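Before any comments, here is the structure.
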Amino acid sequence: MCGIVGYVGDEEALPILLQKLNLLTYRGYDSAGIAVSHNGNFYVEKAQGKVGQLEQLIDYSIASGVVGLGHTRWATHGEPSRLNAHPHLDCSGRIALVHNGIVENFLSLRTQLEAEGHTFRSETDTEVLVHLVEKYYDGNVTKAVQLALQQVEGALAIVVLHKDEEDRLVAAKMDTPPLIIGLGRGENHVASDIPALLHYTNKVYVMEDGEVATITKNDVLITNFREAVQPRIYERRVMVIDWPPEVAQKGGYPHYMLKEIHEQPDTIEDTLRGRLLEDGHTDIPDLHVLPEEIRAVQRMTFVACGTAYHACLVAKHLFETVLRIPVQVDVGSEFRYRQPIIGPDEWVVAISQSGETADTIASMREGREQHAKVLAITNVVGSSVARLADGVIFTRAGPEIAVASTKAFVGQLIGVYLLLLHMAQFRPHAHADELQAMAGELPRLAGLVQRLLEDQAGVQDIAGRIAQQPACFFIGRNLDEPIALEGSLKLKEISYIQSQGYAAGELKHGTLALLEEGIPVICLATQPNVYDKMLSNVQEVMARRAWTIGLVPEGDTGSQHLMDDVLTVPRTHPWLSPVLAAVQVQLLAYHCANALERDIDQPRNLAKSVTVE
Ligand code: AGP
């Protein structure tokens, strides 16, 4: 989510750091900062906004040093602001730290550190890390970082600069966020993403979970904070990167959309992290809803636009089934103009990746004016949607660059599951076993998505054939219907093929007239409770000699004999199948558009965030 850069060598660090930060700006961020050190002169500057604003604040007459670090922040904890921007400093102002990721136990750590006399300046989770390093520093910053990280739960990458050891940087990685060391001649670099390194070197060392790197201009010593190992020179095979810079920005993928589809296992893990507890309980501090409010709510309205609207439809099925709360769902552009009736004890829940969609924001305001509690599931801390809501579930998908929303959508579904589990703790319902089973499956979901991503041959083949067709239909029932709509939207918006998503039972009420021989129909059938009905709908489609493509759980036998082609998803709790089906329809749309050589990341006529009506 955030961008990290560092440099140790003989050149002035500042211009190198700024150039590297500019090479990371494609990732999306809300603030930036740098720290350099030279002969005990420790210079730190940071700014809300873009790197350009940071450059205007820097005093170049004193910002000197051959060691330094920099950061572009994508907020996860704490509003975008200069105070919350990185680097963060310890109490003494002698240690600077930049961070990417999530510190799950930051509240307990902050309480403990404040009790020990540490003074905090920001509202970020990051700041606990630099105070921990300060706490354990005894003249060896590498050792202090190792001891500090042994206290931390979460997933993070950090780089630390200590004023008293200004010939080195210490980098460390815990779990997912990437950290890569660039190996130069008489200088070394570190960054959260390869594009920031390629201008200086193509020899990289990709750090692994638990590793701590002490980086000087001539050496990189690797140790591990999880186990006492002897420091060693990096001996793992150094990677030589031969990507051109524009490909490197996409992590080696040909398009941001494919990169972001592949980031979905991380999105699932990051969005669940620290919120899904043992036995299905949840901890969602940003939600700010009281148990009595949950018990009292009489109706919920989910409102969104486009792909986010499809997440609302999944929510409707689940909340009405489990909590027996009446749920209405609307697109933002309609909700605000249909004189909605919102009574007391009703909630409006907005879902938005960007948090800046005008129609969604206006719908939230409509709810506010009618005194509803307004909640949000969004991907952007500090966005208009986040600020307008009484409580928020942040989806932690990181910046989504491609116009077609993929990882943010899966993050929204995870947000819906978390909200359902959270509310179910405080409202009587008759689905305790089902919810427990679903909650038990959630930690496996990222791995199941990863399995889908590792075998795309089948979906790619079918996509190549659909690319030759003039139209494509997606049909499904119950929880498959929202994904039928989503698959159709994905296909339309990046391949430009005519497409419709439909409730399968509705086909015979008119749309069936459009089916002709060979027209592809994606038949989603992951839901056991409507499986037989779905197969009947498939028969209707086959009777018109259309091309039927099943999207079914692995091992399904009914579809194998009935449909022309079959795409499968790993078996999981049926309530979670929308996540896996979503990945398949995303891949179908992507490979179809790719076969047609479309402008996949920037489709014609579309914008990433629709901030106008
Ligand atoms: C989805 O692929 C589209 N880019 C679009 O429908 C999008 O979902 C919609 O504009 C809503 O955007 P938001 O989630 O940022 O509010």
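Every number for a ligand or one of its atoms is a count from 1 in the order of the listing. Everything numeric here is computed off the predicted structure, so don't read it as measured data.
Side-chain contact check for T572 and E441: at least one donor-acceptor pair (N or O, by modelled atom type) lies under 3.5 Å.
Every residue two or more places apart in sequence or in another chain that forms a side chain to side chain donor-acceptor pair (under 3.5 Å) with K608 is listed here: E400. Applying the salt bridge (Lys or Arg N to Asp or Glu O under 4.0 Å) rule to K490 yields the partners E486, E493; only residues at least two apart in sequence or on another chain are considered.
Listed by number with element, the atoms of ligand 1 under 4.0 angstrom from any heavy atom of A404 are 2 (O). Interface atoms of ligand 1 facing E493, defined by a heavy-atom separation under 4.0 Å, are 1 (C), 2 (O), 3 (C), 4 (N). Listed by number with element, the atoms of ligand 1 under 4.0 Å from a non-hydrogen atom of T357 are 12 (O), 13 (P), 15 (O), 16 (O). Distances below 4.0 Å separate heavy atoms of K490 from the following atoms of ligand 1: 1 (C), 2 (O). Ligand 1 places these atoms under 4.0 Å from at least one heavy atom of S405: 1 (C), 2 (O). Every atom of ligand 1 with a heavy atom of V403 under 4.0 Å away is listed here by number and element: 2 (O), 3 (C), 4 (N).
The aromatic rings of H310 and F409 sit perpendicular, their planes meeting at an angle over 60°, well past the 30° parallel limit.
To the nearest 0.5 Å, atoms CG (L515) and CH2 (W547) are separated by 14.0 Å.
Summary of contacts: the protein heavy atom closest to atom 8 (O) of ligand 1 is T307 N, 3.1 Å. Counting only heavy atoms of the protein, atom 11 (C) of ligand 1 lies nearest to C305 O, 3.4 Å.
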